[in-house]
Amino acid sequence: MKITNTLSGLKEAFIPQGEEVKMYVCGITPQSEAHIGHAMSYINFDAIRRYLRFRGYKVRCVQNFTDIDDKIINKAAALGVSISELAEKNMADFMTDMDALNVSRMDLYPRATQEIPKIIEIVQGLVDKGFAYPAEGSVYFRVTRLENYGNLAHRTLDQMMAGARIEPGDEKENPMDFVVWKAAKPGEPSWDSPWGKGRPGWHIECSAMSLRYLGDTLDIHGGGQDLIFPHHENEIAQSESFTGKKPFVKYWMHNGLLRLGEEKMSKSIGNIISIKQALSKYSVDAIRIFILGSHYRSPLTYSPEALEAAEKGAARLRQALESSTSGGKSISLDTAGVLKRFMESMDDDFNTPQALAVLFDLTRELNRLRDEGEDISQAQNLLKELSEVLGLTLKGVEKTAGGSDQFIQLLLDTRNGLRQAKQYQLADDIRKRLEDLGVFIEDTAGGTTWKARR
RNA sequence: GGCGACGUAGCCAAGCGGCAAGGCAGGGGUCUGCAAAACCCCCAUCAGCGGUUCGAAUCCGCUCGUCGCCUCCA
């Protein structure tokens, strides 16, 4: 398997440290509802995890909740609710969204506010070794102590300074120094520390959680491209300085960002479509096909047209699993070939668009064999298995609950009576009216079937 | 200004040195009482210009256009 490593900029052979792949996927700051940009990141990394498991790896994956930071504090104040109340609500919503998107659960979801002792331990360690210094109750990381600062972002300190957007902050020795521990402001939540009351800076929580739950060296650390700098760059600085071990992460993976129109979808710009909004219009499978239909490192633009196209594609895959498997002849499907193509695609830096193409090809082949009267159960099982690797559910829309099924069946029976009597106008009228109610009919050789669609 | 990525059919999107995957839409067939579904066939020379090579969408250079990061952000 090969993975593109952001640090080297190269596609590298994937060799994990041990039996278990240690993986960390940057989570959210639970300040508001998650949007489909988040969905894009987490669906991509979900497919990656699923494939690693499919390939026989054990995977231990951790995802943080950064439940304390400026944004949450301000937002909670604006809404007039407590910080924990806001965070709890958004974390619960996030889990609901992830479940709805069929993103498999992480092994652990640590929270920044519950990792304070580990965070203080790291900050203290950094101060002891001279990598960080206290100033006015805060503690800053001394960026100039590192030779390789900027490596992940492929930038040097000088180049960053040239950006000239950095505000020098009086307490800092160097404008690029970043805060690892923030002195408390009045009215804000705070914890006791050797430097007085304060709270963690951004970045430090991820170092604390990954070191604590996965060890000094991770195999894979993932997140959106917008996290490369400064977030992940700073994580490397803190973690490696604290443990004295390199590398902190063997493979850095970053997904491209979702755009809406010509801009990145982002909370600060406000051009957001929430996961719930998307799910109210499109099926999970459509959303996953839309996202996995583009390579994880490429940017993707959200559009109703693209989602609708994905929805139709999803319907085709589903249809292939729903069709009956009547024939009794032996199988002439090249299952090994299909599997090989699928794995070659995924082995190559998780090329999900190509893997999806394999599924669509398999679907066409399956339908063809069915039309020729072959037993297609094996092909269907393969399609089901590979779809699950990509996290597709391929579940049809539920038939209506309870009673109405019987009435629909009654109408179909009546209509088929009319058809036999060649009363086609009446039969077509029933079909049309059922369609208006969201019930779609198909007359096949084996009888009439129906399904509910929105 | 610095760093990075990208520009492939009507739309979305793989391929990254050897005769252009896949999805959606479109056209033509088969099947069907008609629909629907499904199957078969058709539909691009890869932003532009120049170079390297037996051979380039794929490598190099320039031009044009777009996006991301450098500040909170998946």
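Bear in mind that the values here come from a model prediction, so they are computed numbers and not experimental data. First the proteins, then the strands, lettered A, B, ... as listed; each starts at 1.
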Q. Roughly how many Å is it from OH in A:Tyr296 to P in B:rA74, rounded to a whole number?
A. 19 Å
Q.
Regarding A:Ser298, tell me which of base, sugar-phosphate or nothing describes its non-hydrogen contacts under 4.0 Å with the strands shown.
A. sugar-phosphate
Q | Separation of the P atoms in B:rA13 and B:rC72, to the nearest angstrom | A | 30 Å
Q) Is the shortest side-chain N/O distance from A:Ser294 to OP1 or OP2 of B:rA14 below 4.0 Å? A) yes
Q. Can a donor-acceptor pair be found between the side chains of A:Glu205 and A:Thr66 at a distance below 3.5 Å?
A. yes
Q.
For B:rU53, give the paired nucleotide (Watson-Crick: N1-N3 plus N6-O4 or O6-N4; G-U: N1-O2 and O6-N3; both under 3.5 Å), or none.
A. none
Q.
Looking at B:rG23, I'd like to know if its phosphate oxygens (OP1 or OP2) sit under 4.0 Å from a side-chain N or O belonging to A:Arg316.
A. yes
Q) Ignoring hydrogens and geometry, is there a side-chain-to-backbone donor-acceptor pair from A:Thr352 to A:Leu292 under 3.5 Å? A) yes
Q.
So, does A:Lys312 get its side chain near the phosphate of B:rA25, meaning an N or O under 4.0 Å from OP1 or OP2?
A. yes
Q: Tell me whether A:Tyr424 is stacked on the nucleobase of B:rG33, counting only the six-membered base ring and applying the 5.5 Å and 30° thresholds.
A: yes
Q.
For A:Glu388, is there any backbone N or O sitting under 3.5 Å from a side-chain donor or acceptor partner on A:Arg50?
A. yes
Q) Heavy atoms under 4.0 Å, any strand shown: does A:Lys264 hit a base, just sugar-phosphate, or nothing? A) base
Q: Report yes if some heavy atom in the side chain of A:Lys451 is under 4.5 Å from a heavy atom in the side chain of A:Glu322; otherwise report no.
A: yes
Q: Look at all strands and tell whether A:Arg288 reaches a base, only sugar-phosphate, or nothing, counting heavy atoms closer than 4.0 Å.
A: nothing
Q) Checking all strands, does A:Arg259 fall into the base, sugar-phosphate, or nothing category for heavy-atom contacts under 4.0 angstrom? A) sugar-phosphate
Q) Quick one: A:Asp285 CG to B:rG23 P, roughly how many Å, whole number? A) 17 Å
Q: Return the value, rounded to whole Å, for the distance between atom CD1 of A:Ile441 and atom P of B:rA36.
A: 14 Å
Q. Counting any heavy atom closer than 4.0 Å, what does A:Tyr42 reach on the DNA or RNA strands: base, sugar-phosphate only, or nothing?
A. sugar-phosphate
Q: Choose from B:rC39, B:rA74, B:rG2 the nucleotide whose nearest atom is closest to any side-chain atom of A:Asp371.
A: B:rC39
Q.
At less than 4.0 Å, is any side-chain N or O atom of A:Asn367 found next to OP1 or OP2 of B:rC39? Yes or no.
A. yes
**Q.** Rounded distance [0.5 Å steps], CD1 in A:Ile72 versus CG in A:Asn90
**A.** 8.0 Å
Q.
So A:Glu308, base contact, sugar-phosphate only, or nothing? Heavy-atom distance under 4.0 Å.
A. nothing
(Q) Tell me if the side-chain of A:Lys71 makes a donor-acceptor pair with the base of B:rC72, cut-off 3.5 Å, by modelled atom types. (A) yes
Q. Does B:rG33 pair with anything, Watson-Crick or G-U wobble, both distances under 3.5 Å, and if so, with which nucleotide?
A. none
Q: Let me know, please, whether A:Ala315 or A:Cys26 comes out on the 5' side of the other along RNA chain B by nearest nucleotide.
A: A:Ala315
Q | Nucleotide paired to B:rG26 in any strand shown, Watson-Crick or G-U, under 3.5 Å | A | B:rC42
**Q.** Minimum-distance nucleotide (side-chain atoms of A:Leu258 versus B:rA74, B:rC24, B:rA38)
**A.** B:rA74
Q.
Partner lookup for B:rG7, please. Criteria are Watson-Crick or G-U wobble with both distances under 3.5 angstrom; report none if nothing qualifies.
A. B:rC64
**Q.** Pairing partner (Watson-Crick or G-U wobble, both distances under 3.5 angstrom) of B:rA14
**A.** none
Q.
Please determine whether any donor N or O and acceptor N or O are separated by less than 3.5 Å between the side chain of A:Asp443 and the base of B:rC34.
A. yes
Q.
Whole angstroms only, please: what is the CD-C1' distance between A:Glu435 and B:rA37?
A. 12 Å
Q. Between A:Phe178 and A:Tyr140, is the ring centre distance below 6.0 Å?
A. no
Q: State whether A:Lys432 places a side-chain N or O below 4.0 Å from either non-bridging phosphate oxygen (OP1 or OP2) of B:rC34.
A: no
Q) A:Leu300 near the nucleic acid: base, sugar-phosphate alone, or nothing, with a heavy-atom cut-off under 4.0 Å? A) sugar-phosphate
Q: Check whether the side chains of A:Asn64 and A:Tyr24 place a donor and an acceptor atom closer than 3.5 Å, and report yes or no.
A: yes
Q: Mind calculating the distance between CD1 (A:Ile376) and C1' (B:rA37) to the nearest angstrom?
A: 13 Å
Q. Looking only at atom P, what distance separates B:rG2 and B:rA14, rounded to whole Å?
A. 29 Å
Q: Answer with base, sugar-phosphate or nothing: what part of the nucleic acid does A:His231 contact at a heavy-atom distance below 4.0 Å?
A: nothing
Q: Could you please name the option among B:rG33, B:rA74, B:rC70 that lies closest to any side-chain atom of A:Met160?
A: B:rC70
Q: Give none if B:rC69 has no partner; otherwise give the nucleotide forming a Watson-Crick or G-U wobble pair with it, both distances under 3.5 Å.
A: B:rG2
Q) Pick the nucleotide of RNA chain B nearest each of A:His203 and A:Lys11; which residue has the one closer to the 5' end? A) A:Lys11
(Q) Please classify the nucleic acid contact of A:Gly27 as base, sugar-phosphate, or nothing, using heavy-atom distances under 4.0 Å. (A) sugar-phosphate
Q) Rounded to the Å, how far apart are A:Glu233 CD and B:rC69 P? A) 16 Å
Q | Nearest to side-chain heavy atoms of A:Phe360, which nucleotide of B:rA35, B:rG22, B:rC70 | A | B:rG22
Q: Measure from the ring center of A:His254 to the ring center of A:His232 and say whether it is less than 6.0 Å.
A: yes
Q: Check whether any side-chain heavy atom of A:Met98 sits under 4.5 Å from a side-chain heavy atom of A:Leu101, and report yes or no.
A: yes
**Q.** Minimum-distance nucleotide to A:Asp428 side chain [options: B:rA38, B:rA74, B:rG33]
**A.** B:rG33
Q) Can you tell me how far P of B:rC12 sits from CG of A:Leu292, to the nearest Å? A) 19 Å
Q | Quiz item: A:Arg155 side-chain donor-acceptor pair to B:rC69 base, under 3.5 Å | A | yes
(Q) At less than 3.5 Å, do the side-chain atoms of A:Asn351 and the base atoms of B:rG15 form a donor-acceptor pair? (A) no
(Q) Within the 4.0 Å heavy-atom criterion, would you say A:Ile228 contacts the bases, only the backbone, or no part of the nucleic acid? (A) nothing
Q. Which of the following nucleotides, B:rG23, B:rA21, B:rA74, is nearest to the side chain of A:His38?
A. B:rA74
Q | Closest listed nucleotide, where the reference is the side chain of A:Arg370 and the choices are B:rA74, B:rG23, B:rA38 | A | B:rA38
Q. From B:rC12, B:rC24, B:rA74, pick the nucleotide closest to the side chain of A:Ala306?
A. B:rC12
Q: Measure from the side-chain heavy atoms of A:Arg368 and tell me the nearest of B:rA21, B:rC40, B:rA14.
A: B:rC40
(Q) Under 4.0 Å, counting only non-hydrogen atoms across every strand here, what does A:Asp361 touch: a base, just sugar-phosphate, or nothing? (A) sugar-phosphate
Q.
Without decimals, in angstroms, what is the distance between A:Arg297 CZ and B:rA13 C1'?
A. 16 Å
(Q) Quick check for you: among B:rC34, B:rC39, B:rA13, whose closest atom lies nearest to any side-chain atom of A:Pro353? (A) B:rA13
Q) At under 4.0 Å between heavy atoms, what does A:Gly37 touch on the DNA or RNA strands: base, sugar-phosphate, or nothing? A) base
**Q.** Watson-Crick/G-U partner (both atom distances under 3.5 Å) of B:rC19
**A.** none
Q) Under 4.0 Å between a side-chain N/O of A:Arg364 and OP1 or OP2 of B:rC40, yes or no? A) yes
Q | Derivation and outcome, ring pair (Phe, Tyr, Trp, His ring centres under 6.0 Å), residues A:Phe290 and A:Tyr282 | A | CA-CA 10 Å; A:Phe290 165 66; A:Tyr282 309 105; 8.8 Å; no
